[in-house]
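We're numbering straight along the sequence, starting at 1. Atoms within each ligand, like the ligands themselves, are counted from 1 in listed order.
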Amino acid sequence: MEEKVTAASLTTRKGKEKIVMVTATDEPTGRLVDRAGVDVVLVGDSLAMAVLGRPNTLSLTVEEMVHHTRAVAAGVRRALLVADMPFGSFQVSVGETVRNACRLVGEAGAEAVKLEGARVEEVRALVRAGIPVMGHVGLTPQSLHLFGGYRVQGKSLTAAQNLVSQARALEEAGVFALVVEGVPPSVGKAITAAVGIPTIGIGAGPSCDGQVLVLADLLGLSARPAPRFVRRYADLADTICQAVARFAADVREGSFPTVQECYPDPPEVAAWAAGEV
Ligand code: KIV
């Protein structure tokens, strides 16, 4: 096995080697993306939409994140495993934030947590508790209602400068890496230049130190139309539909199962069942 990726080793990659992060939601997807050689596996709260069919990420609970993270952890060996802190799990108090993050790490097996926004007090407390933290700025989907929809952020000079300040404050508070989502490429570049930790972009242009995509988008499994920044590397929706339709046709025409797909019949039992004894 190639060397295990840690939060500390990831930080040293800035400016050297691009970082690849992909989401996973269960053991098979965790195992497969790890086998494909990604650096970071994110159990993102996007799973609320991608695999639970919800309209946004806001209803996902800590319990559900623990459940999915534990499943992903069973499949991941080499990559760094990061779990998202769901909406409501880090907004109430610093104490509750640490308690919820401890569940994701202790109960579920995450090696770091990610939280949205410039929550510097929470980040400091988590780092003090020994938990590596990934930050997330820009179009943070949990702020959907504040933004009035999934809108590109940092479009004015003030907004862009504010995002750079948030990134610096998060670095200062101790995050080891930063997701930058839904900003113009020049803002992704400015944030990347402003901090000494790696930035991982999603819809933030090519200058970030790494890129992340939601697995269901990358594989062509999502029901919703893919956002502009998604590149589809497979059309698994079609592959799955075709495979299941072939199975259905085989069952209906009686060509499944064959003798090779059945357990051997004990001769005595077969003769009895055929009414021969
Ligand atoms: O929830 C998620 O999948 C994420 C990524 C899009 C960064 O936060």
Side-chain angles (χ1 to χ4, degrees), residues 7 10 18-26 29-30 33 38-62 64-69 71-72 76 79-90 100-101 104 108 110 112-119 123 132-144 147 150-153 163 166-167 170 175-183 188 191-192 197-205 208-219 221-224 226-232:
L10 203 80
K18 289 275 189 184
I19 292 166
V20 181
M21 180 159 95
V22 168
T23 65
T25 53
D26 51 20
T29 55
V33 300
V38 303
D39 303 303
V40 187
V41 176
L42 172 68
V43 188
D45 63 356
S46 58
L47 75 84
M49 299 163 81
V51 306
L52 301 178
R54 302 196 188 150
N56 56 49
T57 60
L58 299 177
S59 63
L60 200 75
T61 64
V62 173
E64 288 169 325
M65 273 307 288
V66 167
H67 175 81
H68 283 273
T69 303
V72 174
V76 173
L80 176 71
L81 179 59
V82 180
D84 241 341
M85 296 205 63
F87 179 68
S89 70
F90 60 94
N100 288 325
L104 292 169
V113 297
K114 173 169 85 57
L115 49 81
E116 295 186 8
R119 312 291 302 201
V123 170
V133 185
M134 180 178 277
H136 187 163
V137 297
L139 199 183
T140 44
Q142 291 176 11
S143 301
L144 160 74
F147 296 153
Y150 295 110
R151 296 182 194 287
V152 175
Q153 299 296 299
L163 287 177
Q166 288 183 19
L170 284 166
V175 301
F176 69 91
L178 191 62
V179 170
V180 182
E181 178 164 359
V183 298
I191 294 173
T192 301
I197 47 167
T199 58
I200 304 176
I202 176 160
C208 294
D209 299 302
Q211 298 289 332
V212 52
L213 281 179
V214 172
L215 188 66
D217 290 340
L218 182 162
L219 296 179
L221 278 170
S222 307
R224 66 200 162 108
R228 178 189 176 102
F229 56 78
V230 169
R231 187 180 293 178
R232 275 201 172 158

Taking only non-hydrogen atoms of Thr23 and a 4.0 Å limit, the atoms of ligand 1 in range are 3 (O)
For Gly44, atoms of ligand 1 separated by under 4.0 Å from a heavy atom | 1 (O), 2 (C), 3 (O)
Short N or O distance, Lys114 and ligand 1, threshold 3.5 Å exclusive = yes
Between Ser46 and Thr23, which heavy-atom pair has the shortest distance, and what is it?
-> OG-CG2, 4.2 Å
Residue pair Ile200 / Cys208: nearest heavy atoms and the distance that separates them = C-CB, 4.4 Å
Which of the atoms in ligand 1, numbered in the order shown and given with their element, are less than 4.0 Å from a heavy-atom of Asp84?
-> 1 (O), 2 (C), 8 (O)
Check ligand 1 against His136 and write out every atom of the ligand that is under 4.0 Å from a heavy-atom position of the residue.
-> 8 (O)
Report the nearest protein non-hydrogen atom to atom 3 (O) of ligand 1: residue, atom name, distance rounded to 0.1 Å.
-> Ser46 OG, 2.6 Å
Looking only at heavy atoms, the pair that brings Val41 and Ala24 closest together is CG1-CB, 3.6 Å
Taking only heavy atoms of Ile202, which atoms of ligand 1 are found under 4.0 Å from at least one of them?
-> 6 (C)
For atom 4 (C) of ligand 1, find the nearest protein heavy atom and state the residue, atom name and distance (0.1 Å precision).
-> Leu42 CD2, 3.6 Å
Of all residues at least two apart in sequence or in a different chain, which pass the side chain to side chain donor-acceptor pair (under 3.5 Å) check with Gln142?
-> Asp45
Counting N and O atoms only, with roles assigned by atom type, does the side chain of Thr199 sit under 3.5 Å from a partner on the main chain of Leu178, one being a donor and the other an acceptor?
-> no
Rounded distance [0.5 Å steps], CD in Gln153 versus CG in Leu139 | 5.5 Å
